[in-house]
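Written out below as structure tokens is the structure these notes cover.
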Amino acid sequence: MPVAVITGASQGLGLALATHLAESGWTIVADARDASRLGAAVDALPGGPHAAVPGDVTDSWHRGALAAAATDLGGADLLVNNASTLGASPLPRLADLDPTAFTRTFEVNVVAPVALAGLLLPQLRARGGRIVNITSDASVEPYETWGGYGASKAALDHATRVLAAEEPLVRVYAVDPGDLRTEMHQAAFPGEDISDRPAPSSVAPRLLSLVLGDAASGRHVA
């Protein structure tokens, strides 16, 4: 039974992908900061056994707990770095970014995914596994007020390419899922109606096709 470690898995795209994988027979190691919401989400997943590991991905102890949980279940075949932060809401202009918030954005969106990948690489190499880093079109387009978040996702895009070059035994993808109807996207547009955006479940099959298919490492748009 293959094992997937998914961060930010209590809601949105992370939960949608966890559900699709669980329905396909995968075991899920799920991460999120809200322990009660994460527990409820994992309890509702089909199949199992699944593991709920609440915590903050910027915490090195927590990342170690995720790696240990995957080991206990037989070893990770997949890492999905989905947990992200906007940094501030409403989004400020780049020159007005608070340095502390800017640093936190990079810690969550770049440093933590790379560090977690490093911990799981021995398992992923042994199993010919995959890494999926969730990125954004803001990493390549200069949208006003999206500079802090976009810069962090641009850095994640580049880190993804480097990991792919350095790890021939593991396929490494950066995936732009597009605008989705999620709490984080709503936070980027406070007070606006985002009901016209597609649900996260609509792009989960595309991500699943990457996980199960033979696509080369690289950047993909879902």
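Please read these numbers as outputs of a predicted model, since none were measured by experiment. Numbers here simply count residues along the sequence, with the first being 1.
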Would you say Leu13 ends up clustered with Leu15 if hydrophobic residues are merged whenever their side chains have heavy atoms under 4.5 Å apart, either directly or through other cluster members? yes
Within this structure, what is the CG-CG distance for the pair Leu121 and Leu163, rounded to the nearest 0.5 Å? 6.5 Å
How far apart are the C-alpha atoms of Val53 and Leu38, what are their side-chain angles, what is the distance that settles it, and do they pass the side-chain contact (heavy atoms from CB on, under 4.5 Å) test? CA-CA 8 Å; Val53 187; Leu38 178 65; 5.6 Å; no
Got a donor-acceptor contact below 3.5 angstrom from the Arg127 side chain to the Pro122 backbone? no
Are side-chain heavy atoms of Ile6 and Val29 found at a separation under 4.5 Å? no
For the pair Asp34 and Ser36, evaluate side chain to side chain donor-acceptor pair (under 3.5 Å) and give the outcome as yes or no after the intermediate values. CA-CA 6 Å; Asp34 188 321; Ser36 59; 2.9 Å; yes
Could you list all the side-chain hydrogen bond (donor to acceptor under 3.5 Å, both in side chains) pairs where at least one residue sits in residues 83-98, not counting sequence neighbours? Ser84-Lys153
From OG (Ser152) to CD (Glu107), nearest 0.5 Å: 11.5 Å
Does Met1 reach the side chain of Trp26, with side-chain heavy atoms less than 4.5 Å apart? no
Under 3.5 Å, is there a donor-acceptor pair between the side chain of Asp77 and the main chain of Gly129? no
Determine whether Val132 and Leu78 satisfy the following criterion, side-chain contact (heavy atoms from CB on, under 4.5 Å), listing intermediate values before the conclusion. CA-CA 8 Å; Val132 175; Leu78 170 67; 4.0 Å; yes
Answer with yes or no whether the side chains of Arg104 and Thr58 bring together a donor and an acceptor at under 3.5 Å. yes
Is any side-chain heavy atom of Leu156 less than 4.5 Å from a side-chain heavy atom of Ser139? no
Between CG of Leu79 and CD1 of Ile131, what distance do you get to the nearest 0.5 Å? 5.5 Å
Gly148 and Leu97: which non-hydrogen atoms are nearest, and at how many Å? CA-CD1, 3.5 Å
Can you name the residues that form a side chain to side chain contact (heavy atoms under 4.5 Å, CB included) with Pro142, not counting sequence neighbours? none
Would you kindly confirm whether Val172 and Leu17 end up in one hydrophobic cluster when ILVMFWY residues are joined by side chain heavy atoms under 4.5 Å apart? no
Shared hydrophobic cluster for Val110 and Leu116 (ILVMFWY, side-chain gaps under 4.5 Å): no
Is any side-chain heavy atom of Leu94 less than 4.5 Å from a side-chain heavy atom of Trp146? no
Carefully, step by step, assess Tyr143 and Leu91 under the rule side-chain contact (heavy atoms from CB on, under 4.5 Å). CA-CA 11 Å; Tyr143 300 129; Leu91 294 170; over 6 Å; no
Looking at Ala222 and Pro177, what are the two nearest heavy atoms and their distance? CB-CA, 3.9 Å
Where Leu73 and Ala51 come nearest, the two heavy atoms and their spacing: CD1-CB, 4.3 Å
Taking C-beta and beyond as the side chain, do Ile134 and Leu207 meet within less than 4.5 Å on heavy atoms? yes
Examine the side chains of Asn133 and Thr160 and answer whether a donor and an acceptor come within less than 3.5 Å of each other. yes
Looking only at heavy atoms, the pair that brings Ala215 and Tyr173 closest together is O-OH, 2.5 Å
Taking all non-hydrogen atoms of both residues into account, name the closest pair between Ser24 and Leu208 and its distance. OG-CD2, 3.9 Å
Nearest 0.5 Å, what's the OG-NE2 distance between Ser201 and His20? 6.5 Å
With side-chain hydrogen bond (donor to acceptor under 3.5 Å, both in side chains) as the test, pick out the partner of His62 among Asp56, Asp31, Thr7. Asp31
I would like to know whether Leu210 and His220 meet side-chain contact (heavy atoms from CB on, under 4.5 Å); could you show each step before the answer? CA-CA 9 Å; Leu210 278 177; His220 298 261; 3.8 Å; yes
Short side-chain donor-acceptor distance under 3.5 Å, His50 and Asp43: no
With the side chain counted from C-beta on, respond yes when Arg33 and Pro54 share a heavy-atom pair under 4.5 Å apart, and no when they do not. no
Taking 4.0 angstrom as the limit, do Asp157 and Arg219 come out as a salt bridge? yes
